[in-house]
There are 2 protein chains.
Amino acid sequence: MFRLIATCQLLVANCQCPMVKTSVITIRDVAKEAGFSSTTVSIVLNNAPLARYIPAATKKRIEKAAKKLGYRPNLFARSLRSKRSHTVGVMVFDMTDPYCTLVLRGIENSLYQSSYLPILTDVHNERSRFERYLEMLLDRRVEALIVLANWLFVEVDVLADLERSSIPTIMIGRELQTDTVSSVVVDNEVGAYAAVEHLYLLGHRKIAFIRGPKTLADSAPRWRGIRSFAKSSGLELDPRLVLDLPESRDPISSFEAGYKLTEEWIKRKDRFYNPSLTAVRQPMDAMETMAVNIATEGINSVIEKRDLSAVHRKMVPEMVARESTRAFL
Amino acid sequence: MFRLIATCQLLVANCQCPMVKTSVITIRDVAKEAGFSSTTVSIVLNNAPLARYIPAATKKRIEKAAKKLGYRPNLFARSLRSKRSHTVGVMVFDMTDPYCTLVLRGIENSLYQSSYLPILTDVHNERSRFERYLEMLLDRRVEALIVLANWLFVEVDVLADLERSSIPTIMIGRELQTDTVSSVVVDNEVGAYAAVEHLYLLGHRKIAFIRGPKTLADSAPRWRGIRSFAKSSGLELDPRLVLDLPESRDPISSFEAGYKLTEEWIKRKDRFYNPSLTAVRQPMDAMETMAVNIATEGINSVIEKRDLSAVHRKMVPEMVARESTRAFL
DNA sequence: TCCCGAAGTTCGATTTAAATG
DNA sequence: GCATTTAAATCGAACTTCGGG
């Protein structure tokens, strides 16, 4: 038997086949090399509580042996015992949504800090795909689930499915009132309010608006913010200056429609126009960091068997004044 | 002892704590419910070769029991034995690269077809981050690695690290000559050739060019394609009509610089200009599908212990004529 | 009781070898 | 040998328990 194994190793050492090094080295190999039991090796390498009692000399020998053999613990085995995957699921409803990339990078970055790895899934706004992915992620025991609601309508039953998922779940971009799913959203009302205020303070009184489609969850609170400012400041909202975007649910076409609308408007005035844009900036970094924080917090709750309840954060957007808005002189 | 467990279950059933259902149901529970051994259950549910000998009645009973209990196999345990993770690593060097989203979606979609899940990592163009992520992905036994080279320079030693990674590795967007790492690139020379040809056939003879920075791997072959067409057609390349972008490595700023350059050019001619753009379209879908195919192919090679060698594909881009180019009348 | 280390059990599924009729 | 089923070994790490100094 020993002979056979020895032959295998030789064969392996000689062949170009890449599957060679796939960690044939187990904790027992390290134990043998160091001259201790695998128990001791495990305790030392994980710096478990019991490691307190183990003399430095023993630790040194074990660490040296581990390094020499290039030991890498088998995460399957580890996960099987610990029931932890060190993985979170990230669910996007439509990756082509321009909003997505930024959020994804933010999530990735936050997770990196805490040594989690994200499994990325794109639901393509399809119910069946959502179900399948949710199942797959739960099967893999992701420790938390971050859901990125896009501009579009998210069906209610999707939320219902998420609610019974039994792991910390965070939804970014959609306001929720449930107490089983956390949420992180931008405060559209405050943002819109600030935007109009900005213009108002620059001296503008005749302000035109392009309203987003009603099916978009973001549209309503923004309009609310605008009216709220108008009321408190006495600004008059001229109905002739309010245009509505078509009810399309495609973010790209919404962008284009908005662009075209603006263009026509400007063309009518026969003016060339390409300044940098004043905008209400969504606090991306802060939002994703928040999402991941909630995720890890939730994970910890589960580990420590504490009860966890959902968290809902509304982040305040920032007004960034640029060239496209200017005071009346 | 039994009592204690019974109490626990009760407690769990009563509490709101979400960690309840985390698959307490094992294959043994199903076995007990069905009245067979766990061996038989495993054979039936996996439709293993031995399932041939198992009578339909037995199968029915087992499947019913599994469904009744809502049995979901523990993937950690399964992976521990099978040594398979059904996961591939996706490594991006800079997610904010506009090119990225499209490719990512393509990869995700292809993987979905084959029931793999992607672990997404963004290296941020940092060497240390690259190393750490590579290690993490290998520790998780990703079955393949898809690397998305961005516009930027990829250090050579990164490639060296990838070469010894011992799993099927595919690089998208960078031409390679190694035979341990596969690659999928767009043929920039052919693309550029086709673009100039398009203009030429429309009757244009005075054509201006904006050249990308030399540090960009894409720039050289494109210019080569242009000169190649010029030579074969007799088209004269006027040096005064060739502008170079600054050597910046930031894709965003490159875009902006290109935009500004074009704008100035057009402004000089005092003309307002906003047609849809004729372009050389990179065959995104095809490329990512190709990448994932190579990945799964590589995985299969490893499973079947076949030797695998790298594959290098160069995809032909497509000329898409739109409004911005027009024939001389 | 404190310190050090090891033997043996556990996690949950797959697989080999073997036992029935 | 064939059809049907299963006990026991295995994967690799972590933890519980125990023994000797």
Side-chain angles (χ1 to χ4, degrees), chain A residues 1 5 21-62 65-66 69-86 138-141 303, chain B residues 1 4-5 19 21-62 65-66 69-86 138-141 303:
Chain A
M1 191 47 133
I5 290 172
K21 299 257 299 189
T22 34
S23 196
V24 262
I25 297 115
T26 77
I27 198 172
R28 269 174 280 271
D29 297 320
V30 178
K32 194 176 293 174
E33 172 80 20
F36 290 97
S37 75
S38 59
T39 311
T40 313
V41 174
S42 173
I43 290 169
V44 169
L45 294 185
N46 293 306
N47 199 20
L50 279 174
R52 243 174 13 103
Y53 300 130
I54 293 180
T58 306
K59 290 185 184 172
K60 274 260 154 59
R61 290 234 316 264
I62 289 177
L69 298 181
Y71 169 67
R72 307 245 85 204
N74 182 317
L75 293 193
F76 296 149
R78 177 175 282 178
S79 292
L80 178 57
R81 279 246 33 164
S82 67
K83 303 197 179 313
R84 299 200 48 185
S85 64
H86 289 279
L138 293 179
D139 276 350
R140 274 152 205 262
R141 304 285 197 282
I303 292 169
Chain B
M1 189 50 130
L4 187 63
I5 289 172
M19 54 170 298
K21 300 256 301 185
T22 34
S23 195
V24 262
I25 297 115
T26 76
I27 197 172
R28 268 174 280 271
D29 298 320
V30 178
K32 193 176 294 173
E33 171 80 20
F36 290 98
S37 75
S38 59
T39 310
T40 312
V41 174
S42 172
I43 289 168
V44 169
L45 295 184
N46 293 305
N47 198 20
L50 277 175
R52 239 173 17 100
Y53 299 127
I54 294 181
T58 306
K59 289 185 183 172
K60 273 261 154 58
R61 280 206 1 234
I62 290 177
L69 299 182
Y71 168 67
R72 308 244 84 202
N74 182 318
L75 293 193
F76 296 148
R78 177 176 282 177
S79 291
L80 178 57
R81 281 239 41 162
S82 68
K83 301 193 180 315
R84 299 200 49 185
S85 63
H86 289 279
L138 294 179
D139 276 351
R140 273 154 206 260
R141 304 283 196 285
I303 293 169

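Treat the numbers as computed from the prediction; the structure is a model and nothing was measured. Each chain gets a letter, A, B and so on, in the order its sequence line appears, and its residues count up from 1.
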query: Among dA14(D), dA13(D), dA13(C), which nucleotide sits nearest the side chain of Asn74(A)?
result: dA13(D)
message: What is the distance, to the nearest angstrom, from the CZ atom on Arg72(B) to the C1' atom on dA13(C)?
response: 15 Å
query: Do Glu33(B) and Tyr71(B) have side-chain heavy atoms sitting under 4.5 Å apart?
result: no
message: With a 4.5 Å cut-off on side-chain heavy atoms, are Asn74(A) and Thr26(A) touching?
response: no
Close side-chain approach of Leu50(B) and Ile54(B), heavy atoms under 4.5 Å: no
statement: Rounded to whole Å, the NZ-C1' distance (Lys59(B) to dT4(D)) equals 12 Å
query: Rounded to the nearest Å, what distance is computed from the CD1 atom of residue Ile25(B) to the P atom of nucleotide dG12(C)?
result: 11 Å
Where do N or O atoms of nucleotides 5-9 of chain C meet protein N or O atoms at under 3.5 Å, pair by pair?
residue: dG5(C); atom: OP1; partner: Thr58(A); partner atom: OG1; Å: 3.2
residue: dG5(C); atom: OP2; partner: Thr58(A); partner atom: OG1; Å: 3.4
residue: dA6(C); atom: OP2; partner: Ser37(A); partner atom: N; Å: 2.6
residue: dA6(C); atom: OP2; partner: Ser37(A); partner atom: OG; Å: 3.0
residue: dA6(C); atom: OP2; partner: Thr40(A); partner atom: OG1; Å: 3.0
residue: dA7(C); atom: N6; partner: Thr39(A); partner atom: OG1; Å: 3.1

query: Would one find a side-chain N or O of Tyr71(A) under 4.0 angstrom from OP1 or OP2 of dG12(D)?
result: no
field: N/O (side chain, Ser42(B)) to phosphate O (OP1/OP2, dT14(C)) under 4.0 Å
entry: yes
- line: Atom CG of Leu45(B) and atom C1' of dT15(C) are separated, to the nearest Å, by 15 Å
- line: Taking every heavy atom of Phe76(A) against every heavy atom of Ser79(B), the minimum-distance pair comes out as CD1-O, 3.5 Å
message: Has Ser38(A) got a side-chain atom pairing as donor or acceptor with Ile27(A)'s backbone, closer than 3.5 angstrom?
response: no
Interatomic distance, Ile62(B) CD1 vs dA13(C) C1' [rounded to whole Å]: 14 Å
task: Measure the distance from CG on Asp29(A) to C1' on dG12(D) and round it to the nearest whole Å.
output: 11 Å
query: Side chains of Val41(B) and Arg28(B): closer than 4.5 Å at any heavy-atom pair?
result: no
message: Rounded to whole Å, how long is the line connecting atom CG of Leu80(A) with atom P of dT10(C)?
response: 14 Å
field: 5'-most by nearest nucleotide on DNA chain D - Arg52(B) or Lys83(B)
entry: Arg52(B)
- prompt: Within the pair Asn46(B) and dT14(C), is there a side-chain N or O less than 4.0 Å away from OP1 or OP2?
  reply: yes
message: If the cut-off is 4.0 Å, is Thr26(A) near the phosphate of dG12(D), judged by side-chain N/O to OP1 or OP2?
response: no
- prompt: Do His86(B) and Asp139(A) touch side chain to side chain, with heavy atoms closer than 4.5 Å?
  reply: no
field: Atom-to-atom span, CZ of Arg28(B) to C1' of dA7(D) - whole angstrom
entry: 12 Å
